[in-house]
Amino acid sequence: MIEGADDTKKARKPNGDAAQWNYCHWLMKSEPESRIENGIDVKFGIEDLKSEPEQIACWDGVRNHQAKNFMRDQMRIGHKAFFYHSNCKEPGIAGVMEIVKESYVDHTQFDKKDAHYDRTAKEDNPRWFMVDVKYVRHLKRFIPLTELKHYHLEHKSNGGPLAKIALFTSARLSVQPLSSEEWDFIVGLEDAEGLK
DNA sequence: GCCAACGTTGGC
DNA sequence: GCCAACGTTGGC
């Protein structure tokens, strides 16, 4: 069978919204600084991903249905994602990773010792899914949230690729889609000088 | 540490 | 199915 041939199920769109786009660029948030949740440190920054065997890790712990649906229904092998550092001293985009395994059951939902244990999840009817990501590279420079916000506000007023970026229009979503225009604009920033 | 924004829960 | 109360996210 051809890879991804059973797309009827995986590619179905929420609410049958015909206007929904199928994305192939993503932004995924993780916390690079130590924080204890349910007695467990949830720290996982881009350096932690880089240190993993083969620089691959499962993106576990997502406990929001919209974020999960993006991973389960739309993320495909080869898609690129920004590694975003959240809830830290300097929030922003640190680097690029690649999806290397499509969605499968997030085992941590059944693990009482995990920070994101979900007592309502049942083994025969899992609620949460994850993908595997591989470190690709750091951006040539860290792109701080403040800079992205600057362009977002400017583009909202005068037009531009970041006018509707989910980072600000769906700020709390931990797995976000980006249009190709948004992606390209942000990648282009690494060669520009940061804002003073 | 504060708290605004927003997602989830549960009573009715 | 509404919506108030509550919980979480995440910038500041």
Side-chain angles (χ1 to χ4, degrees), chain A residues 13-17 20 23 25-49 57-75 81-97 103 105-106 108-122 125-131 133 138-139 141-157 160-178 182-183 185-186 189 194-196:
Chain A
K13 297 164 190 172
N15 311 321
D17 182 353
Q20 177 112 13
Y23 293 96
H25 296 98
W26 306 95
L27 180 148
M28 302 170 84
K29 298 181 185 175
S30 187
E31 302 185 31
E33 293 172 8
S34 285
R35 187 174 64 80
I36 305 302
E37 198 175 322
N38 301 335
I40 294 120
D41 192 348
V42 297
K43 170 185 183 292
F44 190 79
I46 192 167
E47 296 299 339
D48 297 303
L49 176 59
C58 58
W59 203 264
D60 62 333
V62 170
R63 296 294 182 266
N64 167 281
H65 288 291
Q66 203 182 345
K68 171 215 69 179
N69 289 344
F70 279 132
M71 289 199 294
R72 190 192 57 187
D73 302 337
Q74 293 199 44
M75 273 191 187
F82 286 131
F83 196 122
Y84 179 88
H85 281 171
S86 71
N87 203 16
C88 56
K89 199 167 287 178
E90 195 176 26
I93 297 173
V96 176
M97 49 193 176
S103 76
V105 172
D106 179 348
T108 65
Q109 68 194 293
F110 309 120
D111 180 359
K112 286 182 179 152
K113 299 222 169 68
D114 191 273
H116 303 106
Y117 171 62
D118 180 354
R119 63 200 203 96
T120 70
K122 297 283 170 281
N125 186 22
R127 304 184 75 193
W128 305 112
F129 295 82
M130 61 188 183
V131 297
V133 296
H138 277 67
L139 292 183
R141 66 181 181 92
F142 183 86
I143 310 289
L145 177 66
T146 50
E147 181 172 345
L148 295 165
K149 183 154 202 175
H150 166 86
Y151 287 114
H152 166 63
L153 292 174
E154 187 181 295
H155 294 181
K156 212 167 71 162
S157 302
L162 299 195
K164 294 179 178 171
I165 187 169
L167 193 56
F168 303 107
T169 58
S170 304
R172 294 176 53 189
L173 195 56
S174 67
V175 175
Q176 312 187 343
L178 282 87
E182 290 165 344
W183 177 272
F185 180 84
I186 293 169
L189 291 177
L195 300 173
K196 289 289 151 29

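Just so you know, these numbers use all the heavy atoms, side chains as well, and skip hydrogens, waters and symmetry mates. Numbers restart at 1 for each chain; the letters A, B, ... are given by sequence-line order, proteins then strands.
Taking A:Arg172 as the reference, nothing meets the side-chain contact (heavy atoms from CB on, under 4.5 Å) condition, with sequence neighbours excluded. Residues that satisfy the side-chain contact (heavy atoms from CB on, under 4.5 Å) test with A:Ala67, not counting sequence neighbours, are A:Val62, A:Asn64, A:Leu173, A:Ser174, A:Val175. Legend: residues meeting side-chain contact (heavy atoms from CB on, under 4.5 Å) with A:Ala171, ordered by chain and number and at least two apart, are absent. Every residue two or more places apart in sequence or in another chain was checked for a salt bridge (charged side-chain N to carboxylate O under 4.0 Å, His left out) with A:Lys149, and none qualifies.
Pairs passing the side chain to side chain donor-acceptor pair (under 3.5 Å) check and including a residue from residues 33-45 of chain A, sequence neighbours excluded, read A:Glu31-A:Arg35, A:Ser34-A:Asp41, A:Arg35-A:Glu37, A:Lys43-A:Asp48.
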In 5'-to-3' order, the base (B), backbone-only (S) or no-contact (-) status of each nucleotide in nucleotides 6-12 of chain C, using a 4.0 angstrom heavy-atom cut-off, is -BBBBSS
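Take the nearest nucleotide of DNA chain B for A:Phe168 and for A:Arg127: the residue whose nucleotide is more 5' is A:Phe168.
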